[in-house]
Structure formats: structure tokens, C-alpha cells
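Written out below as C-alpha cells is the structure these notes cover.
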Amino acid sequence: MQRLAAFIVLLIPGIGAAWGIKLMRDAMFGVQASVFPVWLQFLFGLIVLILCIGFFAGFLYRRDQRNGKIPKDRFKRKN
């Protein structure tokens, strides 16, 4: 059951990232997918892509940290 829940949690940002790539691709080829100007469509697609990839990476980082695969002090600043 936990694997299914994790799969669903990761599936939603994956679909969002694919949608962001689609918006950016459409903006590059001049296809207007919404009422926004093409440059704003590209910017929105880029923001969606960065947020979805960031969520995905943070989820995997936190999971690996909880499982002990990443040392807790690996990314801390050294004074």
C-alpha cells in the first residue's frame, strides 16, 4: 500500500512536468495553447517544470535520507 501511495505522489508531479514541457514546446513553435501571450506561456511552462522536478527531487532526497542512504551532515555548511 505504501508503494502505491508513493507512486501516486510521484505520478502527479511527473504529469505536471510533462505538461510544462508541452507548454514550452508549444511556445517555441508558436502554438498558443491558452489566452496568454506566447512568452508568458513559455515562462509558465518553465515554472511548472522547475516546481515539479524540485518536488520530485526533494521527495527522493527525503526518502533516501530517512532510509539512511544519505548521511545527515553531508550537505551542512562547515564553519
Side-chain angles (χ1 to χ4, degrees):
M1 190 65 178
Q2 287 180 342
R3 288 181 186 255
L4 180 63
F7 176 72
I8 291 171
V9 166
L10 292 178
L11 184 67
I12 294 169
I15 292 171
W19 184 56
I21 290 171
K22 181 199 174 300
L23 285 175
M24 291 190 322
R25 184 196 65 197
D26 288 349
M28 291 293 288
F29 291 113
V31 178
Q32 197 168 7
S34 63
V35 296
F36 300 116
V38 174
W39 66 270
L40 191 59
Q41 176 180 328
F42 183 84
L43 187 64
F44 182 70
L46 182 65
I47 290 170
V48 168
L49 178 68
I50 289 172
L51 288 175
C52 290
I53 289 176
F55 179 83
F56 191 82
F59 181 85
L60 292 179
Y61 175 76
R62 181 71 180 128
R63 186 195 66 179
D64 287 347
Q65 194 176 33
R66 272 195 323 252
N67 291 337
K69 294 180 181 176
I70 298 174
K72 295 200 183 283
D73 57 349
R74 179 173 178 153
F75 293 109
K76 288 189 178 180
R77 291 184 181 172
K78 295 178 183 176
N79 294 332

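FYI, the numbering just counts along the sequence from 1.
When the options I50, L49, L43 are evaluated for a side-chain contact (heavy atoms from CB on, under 4.5 Å) with I47, the one that passes is L43.
Closest approach of Q41 and Q32 over heavy atoms only: OE1-CA, 3.6 Å.
Remark: L46 CG to I21 CD1 distance equals 10.5 Å, nearest 0.5 Å. Going from atom CG of L4 over to atom CD of Q2 covers 11.0 Å, rounded to the nearest 0.5 Å.
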R25 vs M28, side-chain contact (heavy atoms from CB on, under 4.5 Å): CA-CA, chis, key distance, verdict | CA-CA 5 Å; R25 184 196 65 197; M28 291 293 288; 5.7 Å; no
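Residues I53 and M24 are members of one and the same hydrophobic cluster, defined by side-chain heavy-atom contacts under 4.5 angstrom among Ile, Leu, Val, Met, Phe, Trp and Tyr.
Cluster note: F56 groups with V9, L10, F55, F59, L60 through ILVMFWY side-chain heavy atoms spaced under 4.5 Å, whether in direct contact or through intervening members.
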